[in-house]
Amino acid sequence: MQTLQGIAVSPGVAIGKALVLHSEDFFSVPEQHIAESEVAKEIVRFEEALTYTRAALLAVRKKIADDLGHEHSDIFSAHLLILEDRTLIEDVISQIKKESAVAEYAFSVVLQRYFKAFAHVDDEYLRERVSDIKDVGRRILHSLLGREQDALDHLKEHVIVISHDLSPSETAMMDREHVIAFATDIGGPTSHTAIMARSMEIPAVVGLDHVSTAVVTGAIVVIDGNRGLAIVHPDQATIERCTQEEKRYVEFISELDKLRTLPAETLDGHRVQLLANIEFPAEIPSVLSHGAEGIGLYRTEYFYLNRSDLPTEEEQFGAYREVAERLTPNPVVIRTLDLGGDKFLSSLELPKEMNPFMGWRAIRFCLARTDIFKTQLRAILRASVHGKLKLMYPMISNVSELKQANGLLEEAKMELKREHLPFDDSLDIGAMIEIPSAALITDVLAREVDFFSVGTNDLIQYSLAVDRVNAKIAYLYEPTHPAILRLIKLIVTNAKKAKIWVSVCGEMGGDPAMALLLVGLGIDQLSMGPFALPKVKKVIRLVTMKQAKDMAKRALHFMTGEEIRKFSETKLRSLTPDLLTT
Ligand code: PEP
Ligand code: MG
């Protein structure tokens, strides 16, 4: 039995058989050998992977050339040349022969050798070639390891997925019936992969460092999403203890769900609106069963992931309309496309950036690709007559972006008027406040919108300069850092002055102890993963508004994030001890 400690990102306990997905990271392809008689077959497999990758690259190059022009597709011509590099190919083949190694391992060994040789080269051109080799290499590995993706697509029994990393798009594709938990070597608590696990309501642990090499497919593992543990080959006593723990957790959750029909109201009658965050319309049943009063964040970018084309206006209209209708008369806040960071669109094959979270993404991308943006705006506007839709823009950093986005919205409205297509002309427009510069100028931004929605996931990462997907620095990712509370207080003050409402839709709002602080700071609405709603409702119903305000006031006087965290957890424990252990 081996116990690994990581970061708990989605609660619950699961026991089951592991399905290990080998990542396309050249440094963690496990060493595997074959019988000498299998060598020829392995070489054919490698050559097939080259052929397959070539066909895929040709298709991508054509698509990019058609959509964006030849200057953007040239990179793929360079990639195609690498595929024809005989030295590289021969090196891999001789490695397969020499070591009787599986193709993926031989390939990763050769690539590592190349990277080592290039590591100290100072030439910009050569460095770029290394990055091209990495890109192509990843594709070839993906094709060699493709059988695992197939395995994931055709699951027949419950599995616990173990991987070095999982992208949000891979997580989104997981078969919810059969994947009962997952665990990864890397990742942070507010990565979109972690957020997906919580929406899928399956236990998950990230940042386990080496779980993907410590476990083999078929091994029994326990994933304890409450304590952040992965237990490999558990003994009988551990299995029994964890089964009990799982049972206790399920009972605890069903007890909480009894609050479903009760209002989120403090003891002295202050109403807080509790809404849900979704990534797909398929999550609506969960939104309704957990008693949400609407959807406060619909992350529409998932619509664009895992497909080779862009969604059309009609398709988007259909999806937004469905969500609007099923939630009627409750509101649905649709966030416009927020790609980038850890979410990439497979259809666009955007160039890799040094700092993806700070790069050409979200509203910046939409303002440059007005064709894609306007298509979405038109779809949202058209769906707005089918329910109570609101719209908000992600990653606003200055007034100009907000004005440009609103300008394009006006253009979309004019077009629809000309085409005699109906829309709700008074739909509320909001700005996400998730960049410190935006938080500091909320007095000015408030003039352009009807509401603010604070994206604490990003606001924390940008304010504290802590990458939200990096497990190594997760200890610095502090929602309770005094800087964060001060920024939120400023946002609320400016929103109140301008008489607009303000919500929090980051993960912080779904943490019961943090939710009390946010309510005390004057936040009107909290939007969170549906599963978190009953817990937050429970604590709101246990305090008076005066208590919440006093708590926020006291918290603002502490000097460190740790003091504020301990203070709010102690408060929560005194109100209801059971919420802290889950
Ligand atoms: C946020 O940043 O807090 C947010 C809600 O948006 P996302 O998590 O999708 O970046
Ligand atoms: Mg964000």
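Computed over heavy atoms, backbone and side chain alike; hydrogens, waters and symmetry mates excluded. Atoms within each ligand, like the ligands themselves, are counted from 1 in listed order.
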> Going through the checks in order, is the side chain to side chain donor-acceptor pair (under 3.5 Å) test met by N277 and Y298?
Replying inline: CA-CA 6 Å; N277 296 348; Y298 176 7; over 6 Å; no
> Going by the order shown, which atoms of ligand 1 are within less than 4.0 Å of some heavy atom of D458?
Replying inline: 1 (C), 2 (O), 3 (O), 10 (O)
>> Ring-plane angle category for W501 and F451, please: parallel below 30°, perpendicular beyond 60°, tilted otherwise.
In response: parallel
>> Using a strict threshold of under 4.0 Å (side-chain N to carboxylate O), is an ion pair present between R335 and E301?
In response: yes
> In E434, which N, O or S atom comes closest to the Mg ion (ligand 2)?
Replying inline: OE1
> With a cut-off of 4.0 Å, which atoms of ligand 1 are near a heavy atom of C505?
Replying inline: 5 (C)
>> Among R271, K499, K496, which residue satisfies the salt bridge (Lys or Arg N to Asp or Glu O under 4.0 Å) criterion with D524?
In response: K496
> Any non-hydrogen atom of Q461 lying under 4.0 Å from ligand 1?
Replying inline: no
>> Using a 6.0 Å distance limit plus a 45 degree cone around the ring axis, check whether R382 lies over the aromatic ring of F317.
In response: yes
> Quick one: does ligand 1 sit under 4.0 Å from the side chain of R335, the backbone, both or neither, non-hydrogen atoms only?
Replying inline: side chain
>> Tell me the nearest of R468, E434, M432 to atom 8 (O) of ligand 1, using heavy-atom distances.
In response: R468
> Do any of the N/O/S atoms of D458, backbone or side chain, fall under 2.8 Å from the Mg ion (ligand 2)?
Replying inline: yes
> Just which atoms of ligand 1 are under 4.0 Å from any heavy atom in L297?
Replying inline: 5 (C)
>> I need the M551 CE to L517 CG distance, nearest 0.5 Å.
In response: 4.0 Å
> Going by an N to O cut-off under 4.0 Å, is there a salt bridge joining D467 and K472?
Replying inline: no
> Near G455, which atoms of ligand 1 are under 4.0 Å from a heavy atom of that residue?
Replying inline: 1 (C), 2 (O), 3 (O)
> Should H192 be listed as contacting ligand 1, given a heavy-atom distance under 4.0 Å as the test?
Replying inline: yes
